[in-house]
Protein chains: 2
Amino acid sequence: MERAAAALDGEVRLLLATREQRYTGQRREIVHALAGLGRPATIAELLAATRDLPQSTAYRNLAVLADADVVRRVSGPDGFARFELSEALSGDHHHHVVCESCGLVIDAATSPRLEAALAETARLIAEANGFEVTEHRLELVGRCRRCRAAAC
Amino acid sequence: MERAAAALDGEVRLLLATREQRYTGQRREIVHALAGLGRPATIAELLAATRDLPQSTAYRNLAVLADADVVRRVSGPDGFARFELSEALSGDHHHHVVCESCGLVIDAATSPRLEAALAETARLIAEANGFEVTEHRLELVGRCRRCRAAAC
DNA sequence: GGTAGAGTGAGAGTCATTCTCATTTAGGAG
DNA sequence: CTCCTAAATGAGAATGACTCTCACTCTACC
Ligand SMILES: [Mn+2]
Ligand SMILES: [Mn+2]
Ligand SMILES: [Zn+2]
Ligand SMILES: [Zn+2]
């Protein structure tokens with residue numbers, strides 16, 4: 001993990017440098033908390049996972065990190081914003097599964113077949129509507145294992 | 001349109017009746033405004049498209065209509081909630097294309113190939129994570145024709 | 001017509017998020 | 001190392017979409 005953490009820091013520093021932003025201790029804490037969690041985290045989760053991170057600083061730094069394409073903002077089923085390391089950084093395109101009962105959001109692997117169908121859909125949309133489709137977001141909605149077990 | 005409008009009202013009345021809710025004039029105005037627009041509308045758009053609809057009544061009635069499965073709440077790229085007639089009512093499963101420049105959201109037809117790929121993905125998720133997937137939401141993100149034309 | 005309960009609407013309240021600004025910090029110049 | 005300047009910080013105020021309150025109105029049913 002030492003090596004991976006150092007490589008992550010190097011990439012983040014580079015992305016921030018292109019926007020003339022510094023890679024401060026708090027920003028590193030946020031990035032490493034997100035890397036450790038491995039799923040989209042709310043502000044509350046980030047505050048719990050770090051030491052001495054004021055709420056206003058968390059919001060401001062997440063905006064900076066999102067602008068530098070270090071993190072991505074994901075909207076969950078509840079009203080809370082969630083954040084994860086960007087696909088540019090992790091190099092792994094994926095989708096999300098959300099539990100409509102407890103709000104949990106986890107990553108879901110994609111597949112060549114699904115991506116091919118999505119690409120074809122995007123092409124048809126472009127033809128029919130003049131819309132240029134640059135990315136897609138897919139959420140699979142349901143109930144997580146825990147909520148199913150606890151169900152009445 | 002006369003026939004279709006009457007049929008729509010009948011279905012809405014039935015859906016509301018199962019929740020012991022009335023189909024009032026304001027609720028009819030909202031439903032018909034949504035039917036006329038044919039794409040997810042914001043509260044502001046609904047207020048502009050109707051006469052004498054106070055904001056608080058719009059929010060309350062949209063909540064009632066959503067609870068009765070007459071309308072569906074869709075989250076747009078900006079922070080604003082959007083509403084459309086439910087798929088149960090229109091009988092047409094579809095996805096959305098959103099313009100990240102101006103916030104426009106329009107409907108996008110699906111295809112058997114895409115739905116099959118989505119169903120397979122849902123099955124794999126269930127196997128791997130114990131997640132019971134009941135529905136999916138797909139947003140194709142890009143730039144609309146108007147924003148592309150106006151681009152710098 | 002009378003009445004009980006649903007619906008209405010103006011305004012107050014909520015709360016995640018953003019903004020403000022005085023203070024602290026850090027990186028480069030000398 | 002010591003300034004100097006601009007970025008970063010953080011406590012609190014402000015914002016704004018949305019929800020709640022409650023006195024009033026309407027409506028379905030008798
Ligand atoms: Mn993710
Ligand atoms: Mn739609
Ligand atoms: Zn759950
Ligand atoms: Zn646009």
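None of these values were measured; they are calculated from a predicted model. To find a chain, count down the sequence lines: A is the first, B the second, and so on, and within it residues start at 1.
Salt-bridge annotation for A/Glu29 and A/Arg51: absent, with no side-chain N of the basic residue lying under 4.0 Å from a carboxylate O of the acidic one. Taking a cutoff of 4.0 Å between a charged side-chain nitrogen and a carboxylate oxygen, B/Glu132 and A/Arg143 do not qualify as a salt bridge.
B/Glu20 has its CD atom 11 Å from the C1' atom of C/dA6, to the nearest Å. What separates CG of A/Leu16 from C1' of C/dA26 is a distance of 15 Å, to the nearest Å. Straight-line distance from the CZ atom of A/Arg22 to the P atom of D/dA7: 7 Å, rounded to whole Å. The separation between B/Leu53 atom CG and C/dG9 atom C1' is 10 Å, rounded to whole Å. We find that CZ of A/Phe80 is positioned 5 Å from P of C/dA16, with the value rounded to whole Å. Going from atom CD of A/Gln55 over to atom C1' of C/dT20 covers 15 Å, rounded to whole Å. Atom CD in A/Glu29 sits about 17 Å away from atom P in D/dA8, given to the nearest Å. Rounded to whole angstrom, the span from the CG atom of B/Leu62 across to the P atom of C/dG9 amounts to 14 Å.
Mapping B/Ser56 and A/Ser56 onto DNA chain C by nearest heavy atom places B/Ser56 closer to the 5' end of the strand. Place B/Arg82 and A/Tyr23 on DNA chain D by their nearest nucleotides, and A/Tyr23 ends up nearer the 5' end.
Of the side-chain N and O atoms in B/Asn61, one or more sit less than 4.0 angstrom from OP1 or OP2 of C/dT8. Between B/Tyr59 and D/dC18, a side-chain N or O to OP1/OP2 separation shorter than 4.0 Å is present. The side chain of B/Arg27 places an N or O atom within less than 4.0 Å of a non-bridging phosphate oxygen (OP1 or OP2) of C/dG7. In this model, the phosphate group of C/dG9 is approached by a side-chain N or O of B/Gln26 to a distance below 4.0 Å at OP1 or OP2. Regarding contacts with the backbone of C/dG7, a side-chain N or O of B/Gln21 is found under 4.0 angstrom from either OP1 or OP2. The phosphate of D/dG10 has OP1 or OP2 within less than 4.0 Å of a side-chain N or O from A/Thr57.
A distance of 6.0 Å or more separates the ring centres of B/His136 and A/His96.
If you check distances only, the side chain of B/Arg60 never reaches the base of C/dG7 with a donor-acceptor pair under 3.5 Å.
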side-chain contact (heavy atoms from CB on, under 4.5 Å) evaluation trace for A/Cys102 with A/Cys144 = CA-CA 8 Å; A/Cys102 70; A/Cys144 72; 3.9 Å; yes
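Applying the side-chain hydrogen bond (donor to acceptor under 3.5 Å, both in side chains) test between B/Glu84 and each of B/Arg39, B/Arg73, B/Arg72 identifies B/Arg72 as the sole match.
Counting any heavy atom pair closer than 4.0 Å across all strands shown, A/Ala63 reaches no nucleic acid atom. Within 4.0 Å of A/Thr24, counting heavy atoms only, lie sugar-phosphate atoms of the nucleic acid but no base atom.
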